[in-house]
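Right, one structure below, let's go through it.
Values reported hereafter were calculated over all heavy atoms of this structure, with side chains retained and with hydrogens, waters and symmetry mates removed. Chain letters run A, B, ... following the sequence lines, proteins first and then strands; every chain starts at 1.
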Amino acid sequence: MRFFDSYIGMFIVQSFLHSFVALVIIEIAFYSWEIRDHLARFRYRLLVLTLPIFIFPVYQLINPDRGSMYFRENTALFNFNKWLAIRMWDIIPLYALFFALLSGTALIFFLQEILPIIRERLPKPNRRPYLIPQRDINGMLEDLCKKLGAAKPAVRVLDESYPILFTAGVKNHAIILSKALLEKFTDNQMEGALAHELVHIIRGSGIKTQIIYILRMLMFYNPVSLIEFRRLVQDDEFICDGITVSLTKKPDALASAISAFHSHPKEDKAARLSGVKETIESHSHNLLLKERVLRIQERGVAESPEFGWVKFILTTLIILKINYMVV
Amino acid sequence: MHIRITQQLKMVFSFALLITLLVVVLELINWAPSVIETESLRKYKTIELVKRKLHIERVYIPAYLPEDLNLKWPPSEIYAQKKPFVMVITHFQQRDSREPGLIVHQVDAKADYRPESKIKFRVKRESKILIKDREGMLVTAICEDETPCNQVSWREGNFMLTVIGKNSQRDIIRIARSMIPDS
């Protein structure tokens, strides 16, 4: 329990509390200010991920007494130590449960986000080489690049029977797609899909995601950061969809291209534990795709609304003010 | 134009209302542990209340508090808990400021816990002393406002007692002695 009174202990507890409070406040802002635009939501969500890393040391610099018993008892709006000190049925201390929550989040972070990266970096002897594209998409890509004012990225084709499409690289980009997509997609769908990837390149999604990922790594124990990181990545997809549609003016083509990525887990796997996990993952993946398609169809080629900086600054100030009183 | 202003006002009102609700919820969640765990750390108004609510038989307070030390009676702030261990912190405020001039810490000796003091100081010298027949430690220090401070601590029965004050060594030792019951 005394660990939570140390500087590092207080940082861990308060960064969790501060991100949770920030999350609630931005959800209030989304509801009250009727913020539905994903670019605006992306900016607000960044507050949840970034502020909790920096505000605790700043608060402590402003008032070194902020962690003291006197501040907690007399000034604080919420003192989490009171909860941590409680013992359920006089046996299980709540701080142990809280510690378990943080450890569980750290474990999920390691298994789902660190381990795949390590695996990816390890040399693979049976890695299949890239294919020479059977269908020429260079002309289409060049036209799109001219239209968007972007440098033409390299295109790599993977010999896979399921749909794959993503952009790799931070400085020198390459669009990676699978043979299945080349065969399946119509010209309109391909144009939408390539334009979407080009928008990612123009927006610098790769570097942005990496920076956000580093911030997320700093709070590897924080379940709120875990959720918000994923939501930020999803928001980025929505933003790119919006820009793509406004550039190509073909919302239906992009919507049908996205629909091609629906996943169908094998039914025989469903009974096993790994099968259940796979089913849940593919269900949430499909839900996201469905939402993206719906958004594109609803929004059409509409322009993004102007970002309300006054509301954003007001929300930030409220997050800072309330979190100062949360210890 | 009129509709837009009304809509904006509605948004501001809704935002303010929900933020107020969040503050109220935070206050409620902050208050709840004191209902669940009635013997955890909290502020009390009087020493009698501490004894009655927490069933702490003996709360050590100075019997000697001379006029010239400029300290207010009764204690300005009292913090106490029974769980996870017995601890009572008593503050005596200075008459001419809102700052505490004397603090008494009474902590279960088995807990091996030293509560933080509201009077912050830099230690200059430590020396062993006798308080009546108890072995104690006298700390000579300088307060944050560069005035001399002193601290005396000793074991009294099951408790560790610490007296911190912005007074002279002679006064703080006399205050400490006045807290020890005559055997």
Euclidean distance, [Y] [atom2] relative to [X] [atom1], rounded to 0.5 Å:
{"X": "Phe71(A)", "Y": "Lys118(B)", "atom1": "CZ", "atom2": "NZ", "value": "11.5 Å"}
{"X": "Ile36(B)", "Y": "Arg87(A)", "atom1": "CD1", "atom2": "CZ", "value": "15.0 Å"}
{"X": "Lys82(A)", "Y": "Arg42(B)", "atom1": "NZ", "atom2": "CZ", "value": "8.0 Å"}
{"X": "Ser40(B)", "Y": "Asn81(A)", "atom1": "OG", "atom2": "CG", "value": "11.5 Å"}
{"X": "Glu34(A)", "Y": "Gln7(B)", "atom1": "CD", "atom2": "CD", "value": "5.5 Å"}
{"X": "Met69(A)", "Y": "Gln81(B)", "atom1": "CE", "atom2": "CD", "value": "9.0 Å"}

Under 4.5 Å from any heavy atom of chain B - which part of [X]:
{"X": "Ile86(A)", "result": "both"}
{"X": "Phe80(A)", "result": "neither"}
{"X": "Leu94(A)", "result": "neither"}
{"X": "Leu77(A)", "result": "both"}
{"X": "Ala76(A)", "result": "backbone"}

Other residues, nucleotides, ligands: >12 heavy atoms within 6.0 Å of [X] [atom1]:
{"X": "Asp112(B)", "atom1": "CG", "value": "no"}
{"X": "Phe85(B)", "atom1": "CZ", "value": "yes"}
{"X": "Phe30(A)", "atom1": "CZ", "value": "yes"}
{"X": "Lys132(B)", "atom1": "NZ", "value": "yes"}
{"X": "Tyr64(B)", "atom1": "OH", "value": "yes"}
{"X": "Ile3(B)", "atom1": "CD1", "value": "no"}
{"X": "Arg155(B)", "atom1": "CZ", "value": "yes"}
{"X": "Lys290(A)", "atom1": "NZ", "value": "no"}

Heavy-atom pairs under 4.5 Å with chain A: which of [options] has the most?
{"options": "Leu28(B), Ile89(B), Leu17(B), Leu41(B)", "answer": "Leu41(B)"}
{"options": "Lys10(B), Gln8(B), His91(B)", "answer": "His91(B)"}
{"options": "Glu116(B), Lys120(B), Glu27(B)", "answer": "Glu116(B)"}

If you define the side chain from C-beta out and look only at heavy atoms, does anything of Lys311(A) sit under 4.5 Å from Met11(B)?
yes
Using non-hydrogen atoms and a 4.5 Å limit, figure out which bit of Phe13(B) sits close to chain A: side chain, backbone, both or neither.
neither
Under 4.5 Å heavy-atom distance to chain A, tell me which part of Leu26(B) shows up: side chain, backbone, both or neither.
both
At a heavy-atom distance under 4.5 Å, which candidate from Ile322(A), Asn74(A), Ile25(A), Ile318(A) has the highest pair count against chain B?
Asn74(A)
Minimum heavy-atom distance between Phe15(B) and Thr315(A), given as atom pair plus value:
CZ-OG1, 4.0 Å
Donor-acceptor under 3.5 Å (Trp83(A) side chain, Ile29(B) main chain)
yes
